[in-house]
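When a residue number appears, it is its place in the shown sequence, counting from 1.
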Amino acid sequence: MKKRWYLFIVLIIEGASLMAVELISAKLLSPFYGSSLYVWTATLALTILGLSLGYYLGGRLSVRSATENTLFAILFVSALLVFTMPYTAVAVMSVTSEIGLIAGICITCLCVIVPPVLCFGMVGPLAVRLMSSEIDTLGTTAGAVYFTSTFGGIAATFLFGFYMIPEAGLKFSTVTIAVSLAIMLVVYILARLFKTTAGQHITTGRLDETESRGHTLVNCPDNRADTLKISRLVYLFAAIEGATVMAVELLSARMLAPWFGSSIYVWGAVIGITLFSLALGYFAGGRIADRHTSLSTLLWILLAAATLVVMMHMIPPELIPELSTLPPIAAVILISLVLILPSLSLLGMVPTMIIRYLSSQVADAGKITGRVYTISSVSGMMVLPLMGFLLIPAFGITWPSIIIGILAGTVPFVMLISSRKYFTIFFIIAILVSVRSVNPVRSSEDVQVQYLSEGLLGQVMVADINTREWGTGLPPEYDRVMYVNRMGQTYIDLATGESVWEYVPYTIRILAALPAGSEALILGLGGGIVANALADELNFKVDAVELDERIVKIARHYFNLHPSIRVIVDDARHYLETTGKKYDVMVFDVYNGDVIPSHV
């Protein structure tokens, strides 16, 4: 590693560029597709797809052309691709404007994100191959490479998420990344020219014979069939690790939503802490792998991580109220650390330990690295749309988090318990404690919970609140409130069905100037109180746009939504960009917590 110390600088810039591109891409899509869970799911999934392809191609390339010239040429191509991202996004969104919301988001992400990220993915396997000289330190080298790259990603996540994108804008941020990548090739060429001028011997950065050959390591059974069987099993652990990491990242962001919303600050904190945790794991896993190259060590680490995932849903309700006095950003970062760091730092150890376990000589380092990270990333890519588009919107976050933990721990638990490692029983105890903590909703005479679920927009609850003062001896009087992430969105007198909030009758008085039969569009349905008033009192023809299908069902079942109201399940911004229908009036009633979404 010492011979090529300058590659660590390359890895920091590459890692920073990767995470900046991920954040920039999500914001490039928001003017057309919004910034919902769908956008972030597609952004993460397509980022992982690009990395998977890059890891695979980088591993193949490391066998045939592991040179510095190749590495810096790839980085220059990535600079060109990053520079064109804003123009690519605009062009693709104009073409996909007529197709569905999720399909349009995925196609745009595919065109914008995958090309530059593929280039970034190729860097890791090439760097591992270029920096590896001895098999006895291969684990440490692989851990150092991905630790350094991820450290750059951490810095970029906080820099671009909290300052560059909000303050300097997307175009400036994109140009900054593109220039940083291009400068590395310029510096590399100038350094080569300087050495030529000085009369020094110049190479293309190709590995010499001693570096390429390395030493042989025997850490697998002598029988070839047994070796192949164990290798396949170990690759399964890479798949388990990749899927669990991405599931934990997505679940953590949704667990924070009921208290902190889904802004770029929340996602920036979650992504940043995820990278920090993985970086620690990469580094520690490499060090451990060179000292304890055994399958048993890998199994214990996977089982411990799975146990933490099974129990992670128990943390927010207990810890977040204790942090309520802190500034929001500080609270988000602290709770993200507690949620993410323990499990993902353990999971981060898995890839570098697998690389060390499977590599028999230095020449295999790049190929094995590419293969391991490809499998890990592909599994993560498959889990992301499954979680973001299906499981979380349909089933919330509690049970999916428990099930993900159980699935991640099943194989290591079975293998360890079959080897008479009876201490593994702690995994079963953790599952029982976690399941028991999932309590049904409790109501009281003063607060009667009618509905509670977790899904696309986070936590949604409908509750009847007793407004009668205690001790009067009179029967209770109830108001009905719909909460989205613990923020009131609709508030009615249950006896009359009229809104308690004054903005509704105020809106009706203003719109009464329009004739009956006017076409009205409401962005943000909520409980449908404004829509009902327009339809009942003013005889308007009302269309309403609502992103979360649960809200539509709640409006019909709990707030008596008028049957004549046509509801479109879509992101408000996407509907405005794609609809051809003309309206006489548009009512803007979209809120993310208590904040108007900037993209709408």
Side-chain angles (χ1 to χ4, degrees), residues 6-35 39-40 42-44 46-47 49-51 54 71-96 105 107-124 148-191 263-265 267-268 271-272 275 598-599:
Y6 47 88
L7 292 183
F8 284 113
I9 300 174
V10 173
L11 289 167
I12 289 175
I13 296 176
E14 173 268 329
S17 301
L18 168 62
M19 296 315 302
V21 163
E22 185 174 339
L23 292 173
I24 289 169
S25 299
K27 299 306 291 182
L28 285 173
L29 266 67
S30 65
F32 194 87
Y33 290 112
S35 55
V39 170
W40 283 104
T43 299
L44 292 171
L46 273 299
T47 298
L49 173 62
L51 286 175
L71 180 65
F72 284 96
I74 290 170
L75 290 170
F76 183 72
V77 171
S78 71
L80 297 177
L81 292 170
V82 170
F83 182 78
T84 61
M85 280 174 58
Y87 310 102
T88 303
V90 172
V92 175
M93 286 189 290
S94 66
V95 173
T96 60
I105 291 171
I107 292 172
T108 305
C109 286
L110 179 68
C111 297
V112 173
I113 298 175
V114 170
V117 171
L118 185 150
C119 295
F120 298 145
M122 297 174 70
V123 171
T148 305
S149 174
T150 308
F151 180 81
I154 296 167
T157 298
F158 288 102
L159 175 62
F160 282 82
F162 290 101
Y163 177 72
M164 290 288 288
I165 293 175
E167 300 296 332
L170 290 175
K171 286 189 177 180
F172 182 82
S173 300
T174 305
V175 171
T176 300
I177 292 299
V179 170
S180 300
L181 291 166
I183 283 176
M184 287 194 291
L185 178 63
V186 174
V187 172
Y188 176 67
I189 293 172
L190 291 176
S263 69
I264 193 172
Y265 298 112
W267 280 102
I271 293 172
L275 292 175
S598 59
H599 73 273

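Distance check, rounded to the nearest 0.5 Å: OG of Ser173 to CD of Glu167 gives 10.5 Å. Here the straight-line distance linking atom CD1 of Ile74 with atom CG of Leu185 works out to 11.5 Å at 0.5 Å rounding. Distance check, rounded to the nearest 0.5 Å: CG of Leu159 to CD1 of Ile154 gives 13.5 Å. Rounding to the nearest 0.5 Å places CD1 of Ile105 at 11.0 Å from CG of Leu46. Residue Met93 holds its CE atom at 6.5 Å from OG1 of Thr108, rounded to the nearest 0.5 Å. Atom-to-atom distance recorded for Lys171:NZ and Ile24:CD1 is 13.0 Å, nearest 0.5 angstrom.
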**Request:** Just do the side-chain contact (heavy atoms from CB on, under 4.5 Å) check on Phe83 and Val175 with the steps written out, would you?
**Result:** CA-CA 6 Å; Phe83 182 78; Val175 171; 4.1 Å; yes
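Residues Ile13 and Leu181 are in side-chain contact: their nearest non-hydrogen atoms beyond the backbone lie under 4.5 Å apart. Contact check for Ile271 versus Trp40: side-chain heavy atoms found under the 4.5 Å cut-off. In this structure, the side chains of Ile113 and Glu22 stay at 4.5 Å or more apart for every pair of heavy atoms. Residues Leu81 and Cys119 meet the side-chain proximity criterion, which asks for heavy atoms closer than 4.5 Å. Contact of the Phe120 side chain with the Val82 side chain is registered, since non-hydrogen atoms from C-beta on lie closer than 4.5 Å. Between Leu51 and Leu18 the shortest side-chain heavy-atom distance falls below 4.5 Å.
Nearest heavy-atom pair across Met184 and Val10 is SD-CA, 3.8 Å. Across all non-hydrogen atoms, the minimal contact from Val39 to Ala26 is CG1-O, 4.1 Å. Between Leu23 and Ala156 the shortest heavy-atom distance is CD1-O, 4.5 Å. Smallest separation of non-hydrogen atoms from Leu110 and Pro115: O-CD, 3.6 Å. Taking each heavy atom of Ser94 and Ala91 in turn, the nearest pair found is OG-O, 2.6 Å. Between Cys109 and Leu29, the closest heavy-atom pair is SG-CD2, 3.4 Å.
With sequence neighbours left out, the ring-ring contact (aromatic ring centres under 6.0 Å, His included) criterion links Phe72 to Tyr188. The side-chain hydrogen bond (donor to acceptor under 3.5 Å, both in side chains) search around Ser149 returns Glu14, not counting sequence neighbours. By the ring-ring contact (aromatic ring centres under 6.0 Å, His included) test, Phe76 pairs with no residue at all, sequence neighbours left out.
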